[in-house]
2 protein chains.
Amino acid sequence: MNRKISEADIYRSTLKGIYHQGYKSTTMRAIAADIGIEAATIYNYVDSKEQLLETLLFEIADKFLEGVIHIDESSYAPLDKIKQFVALNINLSRSYPYQVSLLVNEWRHLKSNKQEKFLAHRKAYEDIVAKIIQEAIDCGDLRDVHVDILKNTILSAVRWLFSWLPENKEKINPVEMEKHILELILNGISK
Amino acid sequence: MNRKISEADIYRSTLKGIYHQGYKSTTMRAIAADIGIEAATIYNYVDSKEQLLETLLFEIADKFLEGVIHIDESSYAPLDKIKQFVALNINLSRSYPYQVSLLVNEWRHLKSNKQEKFLAHRKAYEDIVAKIIQEAIDCGDLRDVHVDILKNTILSAVRWLFSWLPENKEKINPVEMEKHILELILNGISK
DNA sequence: GTCTATAATTCGATAGAC
DNA sequence: GTCTATCGAATTATAGAC
């Protein structure tokens, strides 16, 4: 064994860097220094900096799309599908908080064709979410509000977890947390 | 009059650039080209690129802090303060969507001392929000949930507007929109 | 597989002519 | 006030020794 590092070390360091400083500010030198090698060595594992972002980005995007497809294809009632969807977001944000953060902004740094691929991927994901929401409206389980407003409010209401969970010292009981968030989204903040 | 452009042109172009590509990818040359001048000319109006970001960032941060202070100091009941707070977010996101977007991530590109200033500013803002929420819990108007979960869910639930409103073709009636969003946050998505 | 050295580019910012 | 020209630093990526 004459390997100083592994490919996983590079991806882990890249992810940490992008999460804290953003893609552009995370230099190959900084990634290398973080794991104790020189920048040139990275190119023995990956082709380019963009490939690092691309891999990390589509890996987590696939998990979201797969998850929502499975929920959609399940036999749950529409409202229960939405509950499952919120749970999916909480679980992925808990398991992969750093990677989830990439989905918000960093896709802009992909080159044109990869960027289009990502946006198509995201559209497929959001279309399924919108479809589930529409079904829940149609069967009278959800408020009859403009579907975009409903969709974005739901999506947005769980988009703070990826930045909060890593810093959360108290380590709130995850089952309790999910219960509370679900309650807030389904039945509102007011008592 | 021998001025080709104005300071406002520079800030407007900078803001548009950062909104679409991020601070690091928005070069002084690109800003200049967008308004039909050379990059060097910008330095006749501002000292540095960071000054552009700093000005735009604190300008909008001040509006949020001022707004929430006025709400807190008003004679509204706690729950009504929260309604006012949601309305404040919707109004600022509508009036300054590009600038609001800066608050999410771009503050990371400020230099250390300005970054600390921003974070102190943001903490003051969120502390007031937390205080209002706690008061509303105490008087029995809000669900008795961990205040961080409540705060982040509310803050997050209106954080999609700045990116959605500029692209919203249908131009939904703003009064109607505010009513619906308020309803979703206060009473939940389920009917 | 990792290193040193460096090529090629791009960026923020300045100097000085007009 | 705006321009051309350019400096100096930083970046991604490659070449080649070991």
Side-chain angles (χ1 to χ4, degrees), chain A residues 1-58 102 105-115, chain B residues 1-58 102 105-115:
Chain A
M1 175 61 120
N2 34 5
R3 276 165 171 265
K4 198 168 171 180
I5 54 133
S6 75
E7 204 181 335
D9 292 330
I10 297 174
Y11 278 98
R12 185 165 32 243
S13 170
T14 303
L15 190 51
K16 197 173 63 177
I18 300 181
Y19 178 81
H20 286 112
Q21 281 103 37
Y23 176 76
K24 280 275 183 180
S25 301
T26 303
T27 67
M28 295 299 258
R29 282 171 177 77
I31 295 168
D34 186 55
I35 50 181
I37 58 172
E38 292 300 316
T41 308
I42 296 178
Y43 292 92
N44 204 41
Y45 294 85
V46 295
D47 290 339
S48 66
K49 185 183 172 186
E50 199 205 354
Q51 194 194 71
L52 287 168
L53 174 63
E54 187 193 333
T55 302
L56 291 166
L57 207 43
F58 282 100
L102 304 186
N105 267 319
E106 306 296 0
W107 60 268
R108 291 181 194 275
H109 297 109
L110 293 173
K111 278 176 194 144
S112 183
N113 58 333
K114 301 289 180 181
Q115 205 171 112
Chain B
M1 175 59 122
N2 34 5
R3 276 166 171 266
K4 199 166 169 182
I5 53 134
S6 74
E7 204 180 336
D9 292 330
I10 296 174
Y11 278 97
R12 186 165 32 243
S13 171
T14 303
L15 190 51
K16 197 173 64 175
I18 300 181
Y19 178 82
H20 286 112
Q21 281 105 40
Y23 176 75
K24 279 275 183 180
S25 301
T26 303
T27 67
M28 295 299 258
R29 283 169 176 80
I31 294 167
D34 186 54
I35 50 181
I37 58 171
E38 292 301 315
T41 308
I42 296 179
Y43 293 92
N44 205 42
Y45 293 85
V46 295
D47 289 340
S48 66
K49 184 185 173 186
E50 199 204 354
Q51 194 194 74
L52 288 167
L53 175 63
E54 187 193 332
T55 302
L56 291 166
L57 207 42
F58 282 100
L102 304 186
N105 268 318
E106 306 296 0
W107 60 269
R108 291 181 194 276
H109 298 109
L110 293 173
K111 278 178 196 144
S112 183
N113 58 333
K114 301 290 181 182
Q115 204 172 114

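Quick caveat: nothing in here was measured; it's all calculated off a predicted structure. Side-chain atoms are counted along with the backbone in the values below, which use heavy atoms only and exclude waters and symmetry mates. Below, chain A is the first sequence line, B the second, and so on; all start at residue 1.
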Minimum heavy-atom distance between [X] and [Y], given as atom pair plus value:
X       : Y       : result
A/Thr14 : A/Leu56 : CG2-CD1, 4.1 Å
B/Ser25 : A/Lys24 : OG-CE, 3.0 Å
A/Tyr45 : A/Arg3  : CE2-NH1, 2.8 Å

Exercise for the section: Check whether any side-chain N or O of A/Tyr45 sits under 4.0 Å from OP1 or OP2 of C/dG1, and answer yes or no. Expected result: no
Handout entry: N or O in side chain of B/Lys4 less than 4.0 angstrom from D/dC3 OP1/OP2
Key =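 For D/dC3, OP1/OP2 do have a side-chain N/O of B/Lys4 under 4.0 Å.
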What is the distance, to the nearest angstrom, from the [atom1] atom on [X] to the [atom2] atom on [N]?
X       : N      : atom1 : atom2 : result
B/Ile5  : D/dG1  : CD1   : P     : 10 Å
B/Gln21 : C/dC11 : CD    : P     : 12 Å
B/Leu52 : C/dG12 : CG    : P     : 10 Å
A/Tyr43 : D/dT14 : OH    : C1'   : 9 Å
A/Met28 : C/dT2  : CE    : P     : 14 Å
B/Ile42 : C/dA13 : CD1   : P     : 10 Å
B/Ile37 : D/dG1  : CD1   : C1'   : 10 Å
B/Lys24 : D/dT11 : NZ    : P     : 7 Å

Problem - Nucleotide of C/dC3, D/dT2, C/dG12 approaching B/Asn44 most closely (side-chain heavy atoms) - result: D/dT2
Handout entry: With A/Glu7 via salt bridge (Lys or Arg N to Asp or Glu O under 4.0 Å) - residues at least two apart
Key =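 Result, salt bridge (Lys or Arg N to Asp or Glu O under 4.0 Å) vs A/Glu7: none returned.
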Fill in the blank from the handout: Quick tally for nucleotides 4-10 of chain C: nucleotides whose base has a protein heavy atom under 4.0 Å get B, sugar-phosphate-only ones S, the rest -, giving B------
Could I get a table of every N or O pair under 3.5 Å where one atom is in the protein and the other is in nucleotides 16-18 of chain C?
none

